[in-house]
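Worksheet for the structure shown next.
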Amino acid sequence: MSSTVSSLPLIALVDVNNFYVSCERLFNPSLAVRPVVVLSSNDGCIVARSDEAKALGFPMGDPWFRWRMLARRSGTIALSSNYELYGDMSRRIMRLASGFSDGQEIYSIDECFLSWHPFPSGRSATRTGEAIRADLERWTGLPVKIGLAGTRTLAKLATHWARTRPGSVLAWPELSPEEQAEILCRTPVSALWGIGPNRARRLGQDGIRNAADLVCCDPGRIADRFDRPLAQTVHELQGRPLFGSHSSPPPARQSILSSRSFGSPVTDPTLLADSLCVYMGRAAEKLRGDGASALTVGIWLENRQRGRSRPVREWRLQGLARPTSDSRSLIAVALDLLASLHEPGLPYTKSGVYLGDLVPAGAGSGNLFDHPDAIGREDRLSRLVDEIHRRFGPRGLGYGAGGLAHPPAWHPKRDFRSPAYTTDWHHLPLVRA
DNA sequence: TCTGGGGTCCTAGGACCC
DNA sequence: TCTGGGGTCCTAGGACCC
């Protein structure tokens with residue numbers, strides 16, 4: 001195989017290693033060589049692990065209480081999620097990464113796709129990846145791995161194996177056919193992007209166990225026997241890109257959710273209302289940040305009952321007469337819905353809000369009965385609140401339906417939280433000479 | 001008493017991702 | 001006793017229509 005890629009489109013997946021743990025380690029060097037896990041909101045589940053913690057057997061996504069004893073015995077450090085820190089570090093590294101290619105799509109808080117169309121002929125994909133990795137690490141301190149390939153599914157696969165490479169970079173087109181075949185053989189289908197436990201089990205029943213088995217399949221037959229998304233995965237594995245075109249802008253968000261589990265069960269309707277106000281305030285701010293308005297508002301409440309494996313979740317949805325992004329209007333709808341949903345005495349464990357049918361702000365807004373000045377006033381007030389949040393943080397000013405206590409009684413547990421090193425002056429680390 | 005066939009739209013729920 | 005949060009897409013089934 002030649003050592004360079006010809007003039008074909010190329011996609012790179014940039015993935016920060018153990019992102020949450022790596023963020024924590026940036027500001028707390030004593031974590032550097034110790035096993036570390038980061039817990040989800042409410043200190044519920046393990047959502048990130050250092051390599052040392054992985055080696056000890058801490059699993060992803062499992063409830064924390066099952067692993068507390070192992071943590072104590074092994075000297076593993078557990079930290080609550082610090083989303084202010086992770087969000088800020090994510091913005092920094094994404095902004096830097098966007099400068100390396102023609103196109104960028106931010107896929108998650110710690111991953112983005114970079115694309116070239118075409119990739120310059122004669123240039124080495126491997127060396128390009130290595131240069132990006134070195135710059136990102138130098139500028140942010142965060143360790144990354146990079147996989148490059150002609151399709152996203154192959155770029156994902158390449159990133160999965162990049163950890164085994166000296167420079168943490170793997171360019172699929174620059175591997176020999178033998179190397180490619182070996183990787184496909186050694187990759188179980190469950191490790192491929194888009195194949196979860198369910199599809200892996202069904203494929204196994206047909207004797208399709210690894211990526212090498214799957215890449216030989218006819219996508220049409222896979223679509224008939226299984227489903228279309230799986231057939232698309234086969235297409236992509238064979239090197240024909242389907243997911244995301246190279247030039248189209250990333251699709252607009254279709255819905256916004258905001259929810260949290262309560263630190264302890266809540267029966268008081270005033271506290272439920274307060275939680276919905278806070279979540280709707282957040283969701284509406286995100287909505288305005290997208291330059292969008294919503295036509296559907298929803299809320300849900302959850303209660304967990306003994307003996308039931310899954311919590312009971314009850315929804316209420318409401319269509320709006322005109323699209324809006326005004327926090328107060330959206331909160332008013334949410335509180336109306338709460339009145340019809342809430343059952344007195346039931347101990348709720350979680351609440352959430354939903355904004356759907358999003359349209360660009362201004363589209364179809366206003367009707368005969370709305371005074372234009374009123375719409376302008378709503379908009380200016382919401383944007384003023386956004387500005388206050390940007391300058392003074394979310395506690396600077398908020399919408400409330402009851403509780404002013406801080407932290408509110410329903411607030412999730414965060415017993416092991418680190419400081420907001422990069423977003424709060426009071427949390428700046430001090431260096432003593 | 002008899003009671004088709006095909007289309008669309010909506011919703012709930014499942015599968016998957018990080 | 002203690003099980004996250006925020007998304008996307010697909011499918012099946014019911015309601016409805018002609």
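- In the displayed structure, A/E314 atom CD is contacted under 6.0 Å by at most 12 heavy atoms of other residues, nucleotides or ligands.
- Protein atom CG of A/D43 is 11 Å distant from nucleotide atom P of C/dG5, rounded to whole Å.
- Counting only heavy atoms from C-beta on, A/R260 has its side chain closest to C/dG6 among C/dT11, C/dG6, C/dT3.
- One atom, CD1 of A/I106, and another, C1' of C/dG7, lie 15 Å apart when rounded to the nearest Å.
- The closest side-chain heavy-atom distance from A/E111 to A/L13 is below 4.5 Å.
- Map A/R199 and A/F262 each onto its nearest nucleotide of DNA chain C; the residue landing nearer the 5' end is A/F262.
- With C/dC2, C/dG4, C/dG7 as the choices, the nucleotide that has an atom nearest any side-chain atom of A/L257 turns out to be C/dG7.
- Separating the CD atom of A/E302 from the P atom of C/dG4 is a distance of 8 Å, rounded to the nearest angstrom.
- When the P atom is used for both C/dT3 and B/dC17, the distance is 24 Å, rounded to whole Å.
- In terms of position on DNA chain C, the residue among A/V47 and A/K286 whose nearest nucleotide sits closer to the 5' end is A/V47.
- Backbone-only engagement by A/S258 is indicated by non-hydrogen atom pairs under 4.0 Å involving sugar-phosphate atoms exclusively.
- Contact check, A/S259 against C/dG4: no side-chain N or O comes under 4.0 Å of OP1 or OP2.
- In the helix from B/dG5-C/dC18 to B/dC18-C/dG5, the end axes, each obtained as the rotation axis mapping the C1' atoms of four pairs onto the next four within a five-pair block, lie 10° apart to the nearest 10 degrees.
- Listed by chain and number, the residues in a ring pair (Phe, Tyr, Trp, His ring centres under 6.0 Å) with A/F226 amount to none (sequence neighbours excluded).
- Nucleic acid contact class of A/D110 (heavy atoms, under 4.0 Å, all strands): sugar-phosphate only.
- Using a 4.0 Å heavy-atom criterion, one finds that A/I256 contacts the sugar-phosphate atoms exclusively.
- To the nearest angstrom, P of C/dT3 lies 7 Å from CZ of A/F65.
- Looking at heavy-atom distances under 4.0 Å, A/R228 makes contact with sugar-phosphate atoms alone, never a base.
- Here C/dG5 is the nucleotide among B/dC18, C/dT8, C/dG5 with the atom lying nearest to any side-chain atom of A/K350.
- A/L192 comes within contact range of the sugar-phosphate backbone alone, with a heavy-atom separation under 4.0 Å but no base atom that close.
- Side chain A/R66 to base C/dT3: a donor-acceptor pair is found below 3.5 Å.
- Judged by distance alone, the side chain of A/D206 and the main-chain N or O of A/I208 form no donor-acceptor pair under 3.5 Å.
- Of the inter-residue distances, the one linking A/H235 atom NE2 with A/L230 atom CG reads 11.5 Å to the nearest 0.5 angstrom.
- Counting any heavy atom pair closer than 4.0 Å across all strands shown, A/Y107 reaches sugar-phosphate atoms only and no base atom.
- At B/dG13, none of the side-chain N or O atoms of A/R313 fall inside 4.0 Å of OP1 or OP2 (strictly under the cut-off).
- Rounded to whole Å, the distance from CZ on A/R414 to C1' on C/dG5 is 13 Å.
- A salt bridge links A/D135 with A/R138: at least one charged nitrogen is closer than 4.0 Å to a carboxylate oxygen.
- At the heavy-atom level, A/N42 lies nowhere under 4.0 Å from the strands shown.
- Distances shorter than 4.0 Å separate some side-chain N or O of A/R304 from OP1 or OP2 on C/dG4.
- Within 4.0 Å of A/K156, counting heavy atoms only, lie sugar-phosphate atoms of the nucleic acid but no base atom.
- The phosphate of C/dC9 has OP1 or OP2 within less than 4.0 Å of a side-chain N or O from A/Q254.
- Put simply, OH on A/Y279 is 9 Å from P on C/dG6, counting in whole angstrom units.
- Dashed line: the shortest gap from a side-chain N or O of A/S40 to OP1 or OP2 of C/dG5 is not under 4.0 Å.
- Nucleotide C/dT8 holds its C1' atom 12 Å from the CD atom of A/Q232, rounded to whole Å.
- Counting heavy-atom neighbours within 6.0 Å of A/R34 CZ, excluding the residue itself, gives a total of 12 or less.
- Computed from coordinates, the A/W315 CH2 to B/dA12 P distance equals 9 Å when rounded to whole Å.
- Shown here is A/R313, whose CZ atom has more than 12 heavy atoms of other residues, nucleotides or ligands within 6.0 Å.
- Residue contacts for A/L39: at a heavy-atom cut-off of 4.0 Å it reaches no nucleic acid atom on any strand shown.
- Ring-centre distance between A/W193 and A/Y107: below the 6.0 Å cut-off.
- At the heavy-atom level, A/P197 lies under 4.0 Å from the strands shown only through sugar-phosphate atoms.
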